[in-house]
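To start, the structure itself, in structure tokens.
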Amino acid sequence: MSDAAPRLATFEDLMRLPEDVRAEVLGGTVITSPAPLPKHSKAQRALGRFVGGPFDDDHGYGGPGGWWNFVEVDIQLGVHDIVRPDIAGWRRERLQDPGDQRPILVAPESGIAHYWIVDVDAHTLEAFELVERRWLLVGTYGDDAVTRIPPFEQVELAVGRIFIPKAE
């Protein structure tokens, strides 16, 4: 019996998988996941529209601009941690010429200073901000919330618009 530690997975292990396999490396382990359900895809696309529109699409035409917002791109946070978030954003001055980068080696927002969790079943969005190396809850927003959430507080977000409407 060998006492050798198991080999930790890296980005190269992801590249060996078939192209249609959705996977990440977390703590050196390859984790696969299925394609999103329509309710998940709707929230992902809607956030891309409502936030991505004024901050990224058309290079910020009609909004503040200055950001790259991408859906499901590989981001290498460490040798054994490659994630594929639903949506990730970078200020453009931090990520130059991203078109062919895979994985992206620049962590979004200086070590990921803002993190949103969308619960498509509960119709909520939780926003967190990294303060002194701890995640602080900025707010929890439901269907009826109309709010401005960092780092995109320059635009008003009607949270209920990101979800498939609840059945009556």
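Bear in mind that the values here come from a model prediction, so they are computed numbers and not experimental data. We number each residue from 1, following the sequence as shown.
Heavy atoms of other residues, nucleotides or ligands lying less than 6.0 angstrom from CZ of R134 number 12 at most. At most 12 non-hydrogen atoms from other residues, nucleotides or ligands lie less than 6.0 angstrom from CZ of R45.
The CZ atom of F11 lies 8.0 Å from the CD atom of Q76; values are rounded to the nearest 0.5 Å. The distance from the OH atom of Y141 to the CG atom of L157 is 9.5 Å, given to the nearest 0.5 Å. To the nearest 0.5 Å, atom CG of residue L37 and atom CG of residue D121 are 9.0 Å apart. Separation of atoms CZ (R161) and CZ (F50) is listed at 3.5 Å; rounding is to 0.5 Å. For the atom pair CG (D74) and CZ (R102), the distance works out to 4.5 Å, reported to the nearest 0.5 Å. From H123, atom NE2 reaches atom NZ of K166 across 5.5 Å, with rounding to the nearest 0.5 Å.
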Notebook entry, point to check: Given the rule in the side chain to side chain contact (heavy atoms under 4.5 Å, CB included) test, do L47 and V118 qualify, once you have shown the distances and angles that lead to the verdict?
Noted result: CA-CA 10 Å; L47 273 177; V118 175; 3.7 Å; yes
Note to self: side chain to side chain contact (heavy atoms under 4.5 Å, CB included) for V146 and V159? Distances and angles first, verdict last.
What the structure shows: CA-CA 6 Å; V146 178; V159 175; over 6 Å; no
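Between F55 and W68, the distance from one ring center to the other does not fall under 6.0 angstrom.
Ring orientation note: the planes of F152 and W116 are nearly perpendicular, at an angle over 60° on the 30°/60° scale.
Follow the hydrophobic side-chain contacts under 4.5 Å out from V21 and you never reach I31; the two are in separate clusters. Both L77 and L26 belong to a single network of hydrophobic side chains, linked directly or stepwise wherever heavy atoms of I, L, V, M, F, W or Y lie under 4.5 Å apart. No continuous path of ILVMFWY side-chain contacts below 4.5 Å connects I82 to V106, so the two sit in separate hydrophobic clusters.
In this structure, D57 does not pair ionically with R49, as no charged nitrogen and carboxylate oxygen lie closer than 4.0 Å. Ion pairing of D13 with R7 is present here, as a side-chain N (NZ or NE/NH1/NH2) and a carboxylate O approach within less than 4.0 Å.
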